[in-house]
Number of protein chains: 2
Amino acid sequence: MANIREVAKLAGVSVATVSRVLNHPERVSDKTRKKIDKIIEQIGFSPNVFARGLNFNRSNTIALIIPDIKNPVYTEIARGVENIAHKKGYNLLLCNTEKDLKKERRYVKMLIDKKIDGVILAHTVLPPEEVKEITNENVKLLLFGFNIINENISSVYSNFKEGAKLAINHLINLGYKNIAYIAGSENHSENRDKTQGFLEAMKEHNIPVHSKHIVQGNDDIDSGYLAALRLSKSEILPDAVFASNDLMAIGAISALKNEGLRVPEDVAIIGYDNIDMADLVEPKLTTVAWPVYKMGVIATRILLEEIESTDEENMAQNIFLHPKLKIRKSCGHEDRVSEIF
Amino acid sequence: MANIREVAKLAGVSVATVSRVLNHPERVSDKTRKKIDKIIEQIGFSPNVFARGLNFNRSNTIALIIPDIKNPVYTEIARGVENIAHKKGYNLLLCNTEKDLKKERRYVKMLIDKKIDGVILAHTVLPPEEVKEITNENVKLLLFGFNIINENISSVYSNFKEGAKLAINHLINLGYKNIAYIAGSENHSENRDKTQGFLEAMKEHNIPVHSKHIVQGNDDIDSGYLAALRLSKSEILPDAVFASNDLMAIGAISALKNEGLRVPEDVAIIGYDNIDMADLVEPKLTTVAWPVYKMGVIATRILLEEIESTDEENMAQNIFLHPKLKIRKSCGHEDRVSEIF
DNA sequence: GTGAAAGCGCTAACAC
DNA sequence: GTGTTAGCGCTTTCAC
């Protein structure tokens, strides 16, 4: 239980001096500093976090709030966040809300109580006012993948409406006419954007949308499976389907194949996210890619900057990255770029 | 900045009494307790974690150390751990070591400094002595998936040697003779066990092992791909391959298909882990399943018990769960149990 | 450049 | 059942 007093005693100085070499080494003479550093090293002293916290009101910890740890998109974000956080000496609390309002709310309270320095919110079911309240508590907030709140809160996001249009336009260019849509959970602004993009793109090309061809999914594989099953049984079989994320697209492929339909010959499928798995299913999934890992990295850099900036000088940053089409096999396009695999 | 003094003042009592309703409510009269509870509620007071930590030397935080967040096995463990931790009021620090000794070492130091209450170690590249040292620091340790240290440290694991034998015996029962092996990274005891199981099973059936048919992988998809590529070019083409995990098995399938080989007709493949993806690739992957999520849950329960137990009364627990064969299509077995999908 | 001491917010021993 | 107060380990102000 080495503490600062012990170091001070061994060095024959006061605790104040030891504290200074810890926090303001330049205010200490070279000689004493070196002596103290050596002793610290020798006895393996490191300052008590709680005592430090009591003084600084900071924890050197950030949190990442995600809805579903089983979705590779979120672990990919986590990978980026963890990487930067660790490099900068921060710890990362992982909060998996499962889209459960109570759980998310409880987490937010816990995080505030813990004096977390910052939060990256990659999905929320909280009402906007409640999200905003987070920032009242001396915890920095970064919105990932959406920015429903306001310009004073930093965010890193992609244009999901644009991405959805990319997908639909691709299908239309390939000649598909009966395009169905498997929607993601509605409480996610990202999904609402995609729906809007889908609708707009269809309208722009004067392609009618059959109400039976819009089916609600829940973001996971199973719901994609079920949704495609439903589509496969509708009066008019769609010739293409856009799934709001890859997990559902993959579930959909599985369902269609089970129903004896060929992808893409009978039904084309396009997804969203470009998760690793997209390249491993049969047929390989054409999808819309967005730089998830990179965005996790950027988000964390911005958040840590804000945390470490000496107060309000820092402007909120709203970073914006574009989606991109990733063409593989599931839409039957022949100009496929060759893949590594 | 509500603090305990303010609550005390509003309630017309001393801070000690407030502290008592927080920590030993039974020692306070019903009347005062209710009054204080109400005020706490009203002004939204919650005790400062740092001050608490300074007294209790506890953080209500545990950590999970994993080697690779991209491997669904580890996110599945994380899901179990997170779930229980959150239910019991603990926060979860996620530490992704990337099998990097320096990074893991740095993490361990950070965790100890942070006065983490406990650690679940799901993979380590640290020498055993260093692992053992963790327990010197008043942080409880739980070993997940291995138990190389000693009986005094709790662990939750599965028998990977047995699992490997299950896989090999399955292949042999199906009549395969030229069985190749894609090994996982050697610094992982789990993989060493599997290698041993492979070797033993082969020996028990007097089946020779060609040295060219053992190829070293690195636990990820790409390395499985590369390994299978190598196997496909060896003088004697194996008729079956056992990959030490599903990720490599899936990479292997991809490679073989690329080489124009049919799975399982030309080469059968069996994996290990039974990740979700195993059911989505073509052909569906036969594999060895172990109850990863459940083990994450159990591990966390044990760890929290140890943390909350009043000292040394608690015996270390070594929980052991068996692997099980999950038969699908990639080995060509006809008695396939029907799947949900 | 250095030391003495107050104070961060809480808990618990001790006194009543 | 309740209050007073020392003390957890550190940082920082104020003297020197």
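Numbers restart at 1 for each chain; the letters A, B, ... are given by sequence-line order, proteins then strands.
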Can you tell me the distance, in whole Å, between the [atom1] atom of [X] and the [atom2] atom of [N]?
{"X": "A:N48", "N": "C:dG9", "atom1": "CG", "atom2": "C1'", "answer": "14 Å"}
{"X": "B:L54", "N": "D:dG9", "atom1": "CG", "atom2": "P", "answer": "7 Å"}
{"X": "A:I40", "N": "D:dG9", "atom1": "CD1", "atom2": "P", "answer": "16 Å"}
{"X": "A:N57", "N": "C:dG9", "atom1": "CG", "atom2": "C1'", "answer": "10 Å"}
{"X": "B:R5", "N": "D:dT4", "atom1": "CZ", "atom2": "P", "answer": "14 Å"}
{"X": "A:K115", "N": "C:dC8", "atom1": "NZ", "atom2": "C1'", "answer": "11 Å"}
{"X": "B:I36", "N": "C:dC10", "atom1": "CD1", "atom2": "P", "answer": "13 Å"}
{"X": "B:K34", "N": "D:dG1", "atom1": "NZ", "atom2": "P", "answer": "14 Å"}

### Task
Sort out for me which residue in B:N60, B:L304, B:I307 forms a side-chain contact (heavy atoms from CB on, under 4.5 Å) with B:K88.
B:L304
### Task
Verify salt bridge (charged side-chain N to carboxylate O under 4.0 Å, His left out) between B:E98 and B:K70, making sure each step is shown before the conclusion.
CA-CA 10 Å; B:E98 307 175 81; B:K70 293 201 79 159; over 6 Å; no
### Message
Between B:S14 and D:dG3, is there a contact of a side-chain N or O with OP1 or OP2 at under 4.0 Å?
### Response
yes
### Task
For D:dG1, take OP1 and OP2 only and decide whether either is under 4.0 Å from a side-chain N or O of B:T32.
no
### Task
Measure from the side-chain N and O atoms of A:R192 to the backbone N and O of A:E186, and report whether any donor-acceptor pair falls under 3.5 Å.
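Yes.
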### Query
Under 3.5 Å, side chain of A:S14 to main-chain N/O of A:A16, donor-acceptor pair present?
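Yes, because the side chain of A:S14 sits within donor-acceptor range (under 3.5 Å) of the backbone of A:A16.
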### Query
Which nucleotides of nucleotides 11-16 of chain D have their base under 4.0 Å from a protein heavy atom (B), which only their sugar-phosphate (S), and which neither (-), written as one string 5' to 3'?
BBB---
### Heavy-atom pair of closest approach, residues A:Y74 and A:D68
CD1-O, 3.6 Å
#### Entry: Lys NZ or Arg CZ of A:R52 over B:F50 ring: under 6.0 Å, within 45°
no
